Amino acid sequence: SYPCPGQCLYCPTEKEMPKSYLSNEPAVMRAIASRFDPYLQVQNRLRSLELNGHETDKIELIVMGGTFSYLPKAYQKKFIAECFRACNEYSVHKVLKVKKFVKSGDLGEKLLKEQKKNERAKHRIVGLTLETRPDYIDEKEILNFRKLGCTRVELGVQSIFDDILEKNKRGHLVQRTIEATKLLKDAGFKINYHIMPGLPGSDLKRDREMFEKLFSDPNFQPDMLKIYPTVVVRNSALYHQWKNKKYAPLTDAQFEEFILKVKNEIIPPYVRIARLVRDVPTTSIIAGPTVSNLRQVIAHRSRCRCIRCREVRANYKIEEEIIFDRIDYNASGGREIFLQYVSVQNDNCHAFPPLNKGRVRERSFPKQKLFALLRLRIPNNKNKDHFIPALRNAALVREVHTYGKLTAIDKIDKTSPQHIGLGKKLIQEAEKITQKEFGFKKIVIISGIGVRNYYRKLGYKLKDTYLVKNL
């Protein structure tokens, strides 16, 4: 277990555990059972998912725990290479055990070899997420993340107010978050902010102001959110402040009402709330919100328009009419264009305005389903001087995602909207917008390793770890 550079008040420090994680959290318990071996962790997780009836040939892998950027580069390469190797060699019929990792040879070459295999493997990593701090993101780290195959970055933002960051000993100010966000977006990454209501020095009024600013100030505009209420756990500096009555956390009732208002009144439809609470067991929470199923608790009162609340799951019907919609907004010195396929108007929702008839107006669609989305970025100054040659003079597709029941690669399922051409149509629309509206002659897609061949079929070629197409 490597140390963490942070000294945050709220963060627990448990011996031989990744910083900020506890040994009784589900993800950590799975890691312990696999002796923290990445190969075993991935294979055991695949086995568990298959036993529960899930398809596992398209994998979104999240590497959790601490500050990944702080770990030695050799360890990073070996860890990720082992994740790819575990997918490439996985078979549900085999007894799970670690095949010895041969240490001889260049780690970078081993990683590339396993990535290349994964392009055609049965179990493909279609997205790789790494967690880090904003103050560890620079051009060098972005190049490193791309070589590892990373497509999405989770940033430990926690707050966007300098006084609160200082009071909680975060170790950086909000300007580093602004800079990291722009660097990542201009390199095509999807961005997931970790945000913590209830931090020492804040209150519900300031927390609401923070959420409003996240989506009104172009410096931020994350694509996803993980909202973690501040809780008091042992082995943290905050525990001693609470014990000395110098800190009072939010109650369950306060947090519930606050989140409901944030979801109903602030979150735009191009954002996905991935989590509302951490997996910290109730037995480990000394003070603060303990509700673990908040999403279910507030569901009957929620009018949330976020992606997770709208995405179609098992409720797809092949005869459903699907329409196209577009939302434009400014972010980090560029223009973001959010394209989506949604269900048509029904009795409880309003239809979207026709294409090109207005932008980012208030909408209400509590029962409207989201089938597919694409995030297109028009960077400032066309990325003319970007440090990655492939991205110069190019528009960026940062995400393409079709929702519904997971469908096996190259198969069609009448109960799922996957593999019926929605993603391809969104890419064609993005190409048209890129060329006709903004005059770009090149478009670039940040791609998970396991999706490269899909884009190759659409005329894209691999360059500098991205998929590139001249228009």
Side-chain angles (χ1 to χ4, degrees), residues 27 58-65 68 125-134 137 142 145 150-160 177-178 180-197 207 210-229 259 262-264 266-279 294-295 302 304-313 327 329-332 334 336-340 360 370-377 396-403 426 445-448 451:
K58 289 183 285 190
I59 299 158
E60 291 202 28
L61 186 68
I62 303 177
V63 180
M64 303 167 66
F68 191 81
I125 296 177
V126 301
L128 173 62
T129 299
L130 300 176
E131 293 185 355
T132 192
R133 293 165 53 103
I137 291 294
I142 282 174
F145 274 22
C150 178
T151 54
R152 182 171 71 201
V153 175
E154 296 198 5
L155 286 177
V157 172
Q158 323 310 1
S159 175
I160 56 171
T177 295
I178 291 170
T181 300
K182 178 170 173 53
L183 276 169
L184 289 166
K185 283 184 177 174
D186 281 342
F189 289 90
K190 297 172 285 295
I191 299 175
N192 188 347
Y193 278 6
H194 292 192
I195 295 292
M196 294 182 67
D207 284 341
M210 173 172 63
F211 278 94
E212 289 174 344
K213 191 175 177 65
L214 283 175
F215 302 109
S216 62
D217 188 333
N219 283 319
F220 303 108
Q221 294 284 5
D223 307 303
M224 300 174 66
L225 284 179
K226 285 186 175 179
I227 305 174
Y228 295 148
I259 289 299
V262 166
K263 283 168 67 69
N264 287 349
I266 298 175
I267 303 298
Y270 49 81
V271 173
R272 188 175 198 268
I273 300 179
R275 293 193 75 96
L276 288 178
V277 289
R278 270 278 300 267
D279 267 342
L294 181 59
R295 202 182 294 269
S302 174
C304 184
R305 307 178 301 168
C306 92
I307 290 167
R308 177 160 177 170
C309 289
R310 297 190 294 126
E311 67 190 42
V312 66
R313 293 182 177 87
I327 302 172
Y329 60 98
N330 296 322
S332 299
E336 293 288 333
I337 301 173
F338 182 79
L339 307 178
Q340 57 181 352
V360 199
L370 172 64
F371 297 96
L373 66 81
L374 181 147
R375 298 183 192 274
L376 174 66
R377 179 165 177 80
L396 305 167
V397 174
R398 298 192 301 114
E399 180 177 16
V400 183
H401 201 119
T402 301
Y403 293 95
L426 287 174
I445 299 176
I446 190 169
S447 169
V451 203

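Fair warning: this is a prediction, and the values are worked out from it, not measured in the lab.
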Geometric class of the Tyr329/Tyr270 ring pair [parallel <30°, tilted 30-60°, perpendicular >60°]: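 It falls in the parallel class, under 30°.
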Side chain proximity check, [X] to [Y], heavy atoms < 4.5 angstrom:
X	Y	answer
Leu184	Ile137	yes
Phe189	Leu183	no
Ile445	Val451	no
Phe220	Ile178	yes
Glu154	Ile62	yes
Ile191	Val153	no
Thr181	Asn219	no
Arg375	Phe338	yes

Nearest heavy atoms of [X] and [Y], plus distance in Å:
X	Y	answer
Arg308	Ala274	NH1-O, 2.9 Å
Pro197	Tyr228	CD-O, 3.4 Å
Ile446	Gly188	CG2-O, 3.1 Å
Arg295	Ile273	NH2-O, 3.2 Å
Pro134	Ala180	O-CB, 3.6 Å
Pro269	Ile307	O-CG1, 3.5 Å

Step-by-step side-chain contact (heavy atoms from CB on, under 4.5 Å) determination, His401 to Glu60: CA-CA 12 Å; His401 201 119; Glu60 291 202 28; 3.3 Å; yes
Looking at Arg272 and Glu311, does any basic side-chain N land under 4.0 Å from a carboxylate oxygen?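 Looking at Arg272 and Glu311, the cut-off is met.
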Using a strict cut-off of less than 4.0 Å between a Lys/Arg side-chain nitrogen and an Asp/Glu carboxylate oxygen, indicate whether Arg398 and Glu336 qualify as a salt bridge.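 Glu336 and Arg398: salt-bridged.
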Quick check: does any side chain N or O of [X] sit under 3.5 Å from a backbone N or O of [Y], one acting as donor and the other as acceptor?
X	Y	answer
Gln221	Phe215	yes
Asn264	Ser302	no
Arg310	Arg305	yes
Thr151	Leu128	yes

Output the distance between atom [atom1] ([X]) and atom [atom2] ([Y]), rounded to the nearest 0.5 Å.
X	Y	atom1	atom2	result
Lys226	Met196	NZ	CE	13.5 Å
Ile267	Ile227	CD1	CD1	5.5 Å
Thr129	Leu61	OG1	CG	8.0 Å
Leu225	Asn192	CG	CG	7.0 Å
Arg152	Glu131	CZ	CD	10.0 Å
Leu130	Leu155	CG	CG	11.0 Å

Which residues satisfy the salt bridge (Lys or Arg N to Asp or Glu O under 4.0 Å) test with Arg133, sequence neighbours excluded?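 For Arg133, the residues satisfying salt bridge (Lys or Arg N to Asp or Glu O under 4.0 Å) (neighbours in sequence not counted) are Asp135.
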Can you list everything that forms a salt bridge (Lys or Arg N to Asp or Glu O under 4.0 Å) with Lys263? Sequence neighbours excluded, please.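 For Lys263, no residue satisfies salt bridge (Lys or Arg N to Asp or Glu O under 4.0 Å) once neighbours in sequence are set aside.
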Under the side chain to side chain contact (heavy atoms under 4.5 Å, CB included) test, which residues partner Asp186, sequence neighbours left out?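 With sequence neighbours excluded, Asp186 shows a side chain to side chain contact (heavy atoms under 4.5 Å, CB included) to Lys182, Arg377, Pro379, Asn383, His386, given in chain and number order.
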